[in-house]
Every structure is written in C-alpha cells, then in structure tokens.
Amino acid sequence: EVQLQASGGGLVQAGGSLRLSCATSGFTFDDYVMGWFRQAPGKNREVISCISNNDGRAVYVDSVKGRFTISGDSASHTVYLQMNSLEPEDTAVYFCAASYMQLSNYDGRTYCPLLYDYFGQGTQVTVSS
C-alpha cells in the first residue's frame, strides 16, 4: 500500500520558518520525483517544488525560489520542504506527491512533472502578518 504522510504545518508569523516532512512507503522511492504542492483558499493547486530522488536535482517556482529548499532522504524515504522567510501569501494547504515521470528541460529551464501517481493528505500552513 502506497502511503505519503505530510506533517509539519502550523501557524507562524511572517518572516518565520517551518519544515514540512513527507514520509513515504509502498513504492521505490529513488525511482520517483517528489513534488510539493499547495492550494490556497479559492485557488487551484499548484506545484511549487520538486526533486528527483535519483539524482537530487531540484526545481522551484519563482514565488518560492530562494526561500524554500526541498530535500530528500533515500534512507528514510522522506522528502522535506524547508520554508524560510514565510509570507502571508504562503498560507495554503501543502501536499506532497510522487511522480514516475522525470524532470523535463525546455528552453533552458527545468520543469517538474505534469502528472503525479500518488498524493498524500495535506498539512495546513498559516502565515500571519
């Protein structure tokens, strides 16, 4: 049985930090790209970062680049998202997901996969101003 268990969300003041964790089981961790998504109230779910467990390459959307860091631990099959300098606009439910598709390169940029095989439940992040 595939499981993705996200944790680490909470309430933090603007400028603060949180570290999200996503513990996984039931699939070959190193064969997948792990992504972090978020969904703010009234908005679509968006992928904000992903990492190739095979080679460690990471991708970030512009809105979190320089503030968030994704990392993976093959030994524990866990992926992390370190979030620094949090802003009220980061308030959302955060999800982790696994994709068997690989990162893609186009026009000099690297992109996260479009399709994901497994999603975990979300963890709420609230940033107060």
Side-chain angles (χ1 to χ4, degrees):
E1 180 187 5
V2 172
Q3 291 189 336
L4 289 84
Q5 184 76 33
S7 61
L11 173 64
V12 64
Q13 288 189 329
S17 299
L18 283 173
R19 189 192 194 203
L20 304 184
S21 299
C22 176
T24 74
S25 63
F27 60 95
T28 306
F29 187 78
D30 287 350
D31 287 348
Y32 282 74
V33 168
M34 296 300 300
W36 280 101
F37 288 72
R38 67 184 179 189
Q39 186 166 18
K43 295 187 177 181
N44 292 330
R45 186 169 58 186
E46 61 168 344
V47 60
I48 58 172
S49 182
C50 64
I51 186 168
S52 170
N53 289 331
N54 180 258
D55 60 16
R57 287 183 297 154
V59 179
Y60 303 92
V61 297
D62 289 345
S63 60
V64 307
K65 195 175 294 182
R67 300 188 299 123
F68 292 8
T69 303
I70 191 170
S71 61
D73 183 343
S74 292
S76 63
H77 297 176
T78 302
V79 63
Y80 302 96
L81 187 68
Q82 177 67 43
M83 305 187 296
N84 299 329
S85 302
L86 282 162
E87 304 167 351
E89 293 74 24
D90 296 316
T91 294
V93 178
Y94 285 70
F95 303 84
C96 57
S99 174
Y100 197 68
M101 294 177 65
Q102 297 303 305
L103 306 183
S104 58
N105 295 293
Y106 177 75
D107 201 22
R109 294 192 63 172
T110 303
Y111 296 88
C112 293
L114 294 176
L115 299 176
Y116 289 77
D117 301 273
Y118 311 115
F119 276 89
Q121 93 298 345
T123 185
Q124 176 70 47
V125 172
T126 303
V127 184
S128 62
S129 57

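Because only heavy atoms are used, hydrogens play no part in the values below, and waters and symmetry mates are left out as well, while side chains stay in. Just so we're clear, the structure is a prediction, and the values are computed from it rather than from any experiment. Residues: numbered from 1 along the sequence shown.
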Fill in the blank from the handout: Closest non-hydrogen atoms of Phe95 and Gln39, given as atom of the first, atom of the second and distance, are CE1-CB, 4.2 Å

Practice task
Could you tell me whether the side chain of Tyr80 reaches within less than 4.5 Å of the side chain of Leu20, counting heavy atoms only?
Solution key: no

Handout entry: Tyr118 with Phe29, same ILVMFWY side-chain cluster at under 4.5 Å
Key = yes

Problem - same_hphob_cluster(Val127, Val64) at 4.5 Å side-chain heavy-atom cutoff - result: yes

Handout entry: Least distance between heavy atoms, Ser99 atom then Tyr116 atom
Key = CB-CD2, 3.4 Å

Fill in the blank from the handout: In terms of heavy-atom contacts, Leu86 and Leu18 come closest through CD1-N, 3.8 Å

Exercise for the section: Establish whether Ile51 and Tyr32 are linked, either directly or via other cluster members, by ILVMFWY side-chain heavy-atom contacts under 4.5 Å. Expected result: yes

Problem - Nearest atoms (heavy-atom pairs only) where Thr123 meets Gly9 - result: OG1-N, 3.1 Å

Exercise for the section: For residues Met83 and Val125, determine if any side-chain heavy atom of one lies less than 4.5 Å from a side-chain heavy atom of the other. Expected result: yes

Fill in the blank from the handout: Interatomic distance, CD@Gln121 vs SG@Cys22, rounded to 0.5 Å, equals 8.0 Å

Problem - Joint cluster assignment, Val93 & Phe68, ILVMFWY side-chain distance < 4.5 Å - result: no

Handout entry: Exam field: side chain Thr91 to backbone Glu89, donor-acceptor pair closer than 3.5 Å
Key = no

Practice task
Answer yes or no: is there an ion pair linking Arg57 with Asp55, defined by an N-O contact shorter than 4.0 Å?
Solution key: yes

Exercise for the section: Check whether any side-chain heavy atom of Val61 lies under 4.5 Å from a side-chain heavy atom of Ser63, and answer yes or no. Expected result: yes

Exercise for the section: Test ring-ring contact (aromatic ring centres under 6.0 Å, His included) on Tyr94 and Phe37 and set out the steps. Expected result: CA-CA 6 Å; Tyr94 285 70; Phe37 288 72; over 10 Å; no

Practice task
Would you mind reporting whether Tyr111 and Leu103 have side-chain heavy atoms less than 4.5 Å apart?
Solution key: no

Practice task
Return yes if a side-chain donor-acceptor contact under 3.5 Å exists between Ser74 and Asp30, otherwise no.
Solution key: yes

Exercise for the section: Apply side chain to side chain contact (heavy atoms under 4.5 Å, CB included) to Val12 and Thr126, showing your working. Expected result: CA-CA 6 Å; Val12 64; Thr126 303; over 6 Å; no

Practice task
Take Gln82 and Ser71, measure what side chain to side chain contact (heavy atoms under 4.5 Å, CB included) needs, and give me the verdict at the end.
Solution key: CA-CA 8 Å; Gln82 177 67 43; Ser71 61; over 6 Å; no

Practice task
Taking the side chain as every heavy atom from C-beta outward, state whether Val33 and Cys50 have any pair of such atoms under 4.5 Å apart.
Solution key: yes

Handout entry: Gap separating the CG atom of Asp31 from the CG atom of Asn53, nearest 0.5 angstrom
Key = 9.0 Å

Fill in the blank from the handout: d(Asn54 CG, Gln102 CD) to nearest 0.5 Å is 6.5 Å

Handout entry: Distance in Å, Ser7 OG paired with Arg19 CZ, rounded so as to fall on 0.5 Å steps
Key = 10.0 Å

Handout entry: Heavy-atom side-chain contact between Met34 and Leu4 under 4.5 Å
Key = yes

Handout entry: Separation between OG of Ser25 and CD of Gln3, rounded to the nearest 0.5 Å
Key = 4.5 Å

Practice task
Please determine if Asp62 and Arg109 form a salt bridge, counting it only when a charged side-chain N lies under 4.0 Å from a carboxylate O.
Solution key: yes

Exercise for the section: Scan residues 36-50 for pairs that pass salt bridge (Lys or Arg N to Asp or Glu O under 4.0 Å), counting only residues two or more places apart or in two chains. Expected result: Arg38-Glu46, Arg38-Asp90

Problem - Close side-chain approach of Ile48 to Leu81, heavy-atom, < 4.5 Å - result: yes

Problem - Test item: Leu115 and Tyr100 side chains (from C-beta on) under 4.5 Å apart, heavy atoms - result: no

